[in-house]
2 protein chains.
Amino acid sequence: MTTRMRGEIAEQPAALRATLDALLPRTAEVAAVAGDTRQLLFIARGTSDNAAVYGRYLIEARAGRMASMAAPSIATTYRRRLDLRGVLAVGLSQSGRTEEIVETLQWARDCGARTVAVTNGGEGSPLAQAADLALCTLAGEEKAVPATKTYTTQLAALAVLALGLGADVDADDLRRVPDAVERLIADPGDLDAVVEGLADKPGVVVSGRGMAFSTALELALKLKEACYLHAMGLSYADLLHGPIAVVDADTPAILVAAGEGPTLAGTVALARRVTEAGASAFGVGGGAELAGASTAALNGPDLPEWVAPMGLIVPGQLLTEALARRLGIDPDAPRGLNKVTQTD
Amino acid sequence: MTTRMRGEIAEQPAALRATLDALLPRTAEVAAVAGDTRQLLFIARGTSDNAAVYGRYLIEARAGRMASMAAPSIATTYRRRLDLRGVLAVGLSQSGRTEEIVETLQWARDCGARTVAVTNGGEGSPLAQAADLALCTLAGEEKAVPATKTYTTQLAALAVLALGLGADVDADDLRRVPDAVERLIADPGDLDAVVEGLADKPGVVVSGRGMAFSTALELALKLKEACYLHAMGLSYADLLHGPIAVVDADTPAILVAAGEGPTLAGTVALARRVTEAGASAFGVGGGAELAGASTAALNGPDLPEWVAPMGLIVPGQLLTEALARRLGIDPDAPRGLNKVTQTD
């Protein structure tokens, strides 16, 4: 059986190339809209919120500007105005039609923020229309409920945003991403072992830190929505403040890291701690070091840390799709979910 | 068997009275340190981070200032400086000795922020020493690993912080909290039914929104660390973006709301959706409306929404303690955890 989700995972190299071709020439527009704003405020839910977490770490760690996540309920439920002058608000929505996100971006503009939209819904979508600048991803129509290509192209748009804000990174690294994703789809590592290691488990902890934290959150969301797994996504620092207690023979850990960078050593140490406690640790990325400390491992991309998240999620997407089928679930249409989510 | 955790839960009315007596007279000091800062940045991990989430919603919704959560790794792992002039940084740590939090508060000060500490570790603790102003809670020594009285007194300190920042609330509401907590300890509602409803389940979703979101996160953390339950804490808006798929006959939902306020109606609607899907919904607070839509319910405090979280967690603490014993776990000393957590 070939699922739509599997097909859309495979479309990511092309979707990333198209999105980068369209957006990389637009960094000057980003700089113009950002102007002298001092900080960013991301507005998103679900998968888009996980993409925003990448944007948040990337902007703070590499562009040196404060960045944080909005609480949409302040706008839509408590209806409180804040002083958002000097703030660049960035709304993300796959469809560009989630009313809560559109309304919160409009609220931010009314409160004095400058606004950017990141969406696959096109220039005509309500979110793009509400923003000073729209960075439209070119992922094509996504039909499976679990977002894949709209997520990785959102990450690419956020990388372009960071370049426009003067991040101290090499833009050429971005051009290496589509090929790296292609290689991961062809060879994701020991997928069968990880699928079997999760197939009879009720839950799993998914952890990463810094730039890779977003990947841990996104993989946990995928495993919840398409495999009904009790997947708990956590920074590894937060994991050690209590939740580590849940990791046991019935609760493996999936640990995510780029192949380089300052969070790799801590992730490897965590894998050792998990296996020494008698639980399974499944590595994602992290090179030979993390794979060596893990029970079984999925490959990561051969990319610098700042662009690695665009590849790191790919073996996790393949894992989700394969595990769902193994569990008898149609990953294209999990129970209780629609493609466009409306929340107040 | 009487556990230390049960004894410390019962000490909360006295701990709250002592803390409020000490801190309520200090709102002018808060105002002086805050000065003309335009926004708050909370620095915390674990239970203290859940307390900070309350502070974040309270400050934005009622004091009208931007508030957000710091990513400590920017300071301690990526070692990147940000421009934090105009920021009031608030570090929270039960012990006042978690090095990552102390180091991140020092980083914030070095980046131009003014600083406040909220700790039960006393004026001499490293965190208090690192701050321009220390709001010390008077919870007394806490010996059980799962934090209870240090958490609720942190919430009280954050309420005092909000008053110092000019929140549009009635300070007298705070004086009603200790008695309300006392009543909840005496009559937490249908505890036995909820304990039995969770005793054979591997996981649970815990959800709330706005002011009550912090309670959902904290109850999920308690159930993870002391009951080894796969407890997933989520805003109910985020829950609808995917994770709702995990709720089924084997995965109940615990839904938390104050007895009044703009998030109550959505929480009641979510309880109906969960029970109509054939799963159990356990209400916490939310008055007769939420209890009526739930499979079984725990009582909430008869308090205005802005102070309700100080009471809402109490039946959840009692649930955690009782469920741990029911499962044969000593809640005072869960596996893998120490009282003072050190992370880099």
Side-chain angles (χ1 to χ4, degrees), chain A residues 38 41 45-47 49 56-57 60-62 64-66 68-69 71-74 77-84 87 100 146 202-203 209-210 213 221 224-226 228-232 235 237-238 240-248 250-251 262-263 266 277 334-337 341 343-344, chain B residues 38 41 45-47 49 56-57 60-62 64-66 68-69 71-74 77-84 87 100 146 202-203 209-210 213 221 224-226 228-232 235 237-238 240-248 250-251 262-263 266 277 334-337 341 343-344:
Chain A
R38 63 176 183 266
L41 181 68
R45 287 281 183 201
T47 290
D49 202 35
R56 182 256 166 95
Y57 280 86
E60 289 201 338
R62 306 307 298 266
R65 295 199 198 196
M66 262 189 99
S68 61
M69 319 300 289
S73 67
I74 299 300
T77 306
Y78 292 100
R79 301 194 173 280
R80 178 84 195 205
R81 288 180 65 89
L82 302 175
D83 181 356
L84 298 184
V87 172
E100 180 191 31
R209 198 174 185 197
F213 178 39
L221 175 55
K224 274 197 283 274
E225 65 180 353
Y228 313 153
L229 209 60
H230 300 152
M232 292 158 279
S235 144
D238 276 318
L240 300 177
H241 281 262
I244 189 75
V246 303
V247 175
D248 62 12
D250 267 343
T251 313
T263 71
R335 62 187 180 199
L337 300 179
T341 309
T343 44
D344 54 8
Chain B
R38 62 176 185 267
L41 182 68
R45 287 281 184 201
T47 290
D49 202 35
R56 181 257 166 95
Y57 281 86
E60 289 202 337
R62 306 307 299 266
R65 296 200 197 196
M66 263 189 98
S68 61
M69 320 299 289
S73 68
I74 299 300
T77 306
Y78 292 99
R79 302 194 174 279
R80 178 83 196 207
R81 288 179 65 90
L82 303 176
D83 181 356
L84 298 184
V87 172
E100 180 191 30
R209 199 174 185 196
F213 178 39
L221 175 55
K224 274 196 283 273
E225 66 180 353
Y228 313 152
L229 209 62
H230 301 152
M232 293 159 278
S235 144
D238 276 317
L240 300 177
H241 281 262
I244 189 75
V246 303
V247 175
D248 62 14
D250 266 342
T251 312
T263 71
R335 62 188 181 199
L337 300 179
T341 309
T343 44
D344 54 7

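First the proteins, then the strands, lettered A, B, ... as listed; each starts at 1.
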- Against chain B, work out which of A/K224, A/E225, A/H230 has the most heavy-atom pairs shorter than 4.5 Å and name it. A/H230
- Atom of A/M232, atom of B/M232 and distance for their closest heavy-atom approach: CG-CG, 3.8 Å
- Show your working on side-chain contact (heavy atoms from CB on, under 4.5 Å) between B/I244 and A/R335 and close with a plain yes or no. CA-CA 9 Å; B/I244 189 75; A/R335 62 187 180 199; over 6 Å; no
- Message: For A/L229, which atoms come within 4.5 Å of any heavy atom of chain B: side chain, backbone, both, or neither?
- Response: backbone
- Message: With a 4.5 angstrom heavy-atom cut-off, is it the side chain or the backbone of A/V247 that approaches chain B, or both, or neither?
- Response: backbone
- Task: Among B/L221, B/I74, B/D49, single out the residue with the greatest number of heavy-atom pairs under 4.5 Å to chain A.
- Result: B/I74
- Item | For B/V87 against A/M66, the heavy-atom pair lying closest together | CG2-SD, 3.9 Å
- Task: Identify, with sequence neighbours excluded, every residue that meets side-chain contact (heavy atoms from CB on, under 4.5 Å) alongside A/R79.
- Result: A/E103
- Considering only NZ, NE, NH1 and NH2 on the basic side and carboxylate oxygens on the acidic side, decide whether A/D83 and B/R65 come within less than 4.0 Å. no
- Message: Just to verify, what does B/S235 make a side-chain contact (heavy atoms from CB on, under 4.5 Å) with, not counting sequence neighbours?
- Response: A/R45, B/R209, B/F213, B/A237, B/D238
- Query: Looking at A/R81, A/M69, A/R38, which has the largest count of heavy-atom pairs under 4.5 Å with chain B?
  - Reply: A/R38
- Task: Sort B/A277 into side chain, backbone, both or neither according to what part of it lies under 4.5 angstrom from a heavy atom of chain A.
- Result: neither
- Message: Under the criterion side-chain contact (heavy atoms from CB on, under 4.5 Å), I'd like the reasoning laid out for B/T263 against A/Y78: C-alpha separation, chi angles, the key distance, then a yes or no.
- Response: CA-CA 9 Å; B/T263 71; A/Y78 292 100; 3.8 Å; yes
- Query: In terms of heavy-atom pairs under 4.5 Å with chain B, which of A/S68, A/P72, A/A226, A/A71 leads?
  - Reply: A/A71
- Distance-minimising heavy-atom pair for B/S73 and A/Y57: OG-CE2, 3.4 Å
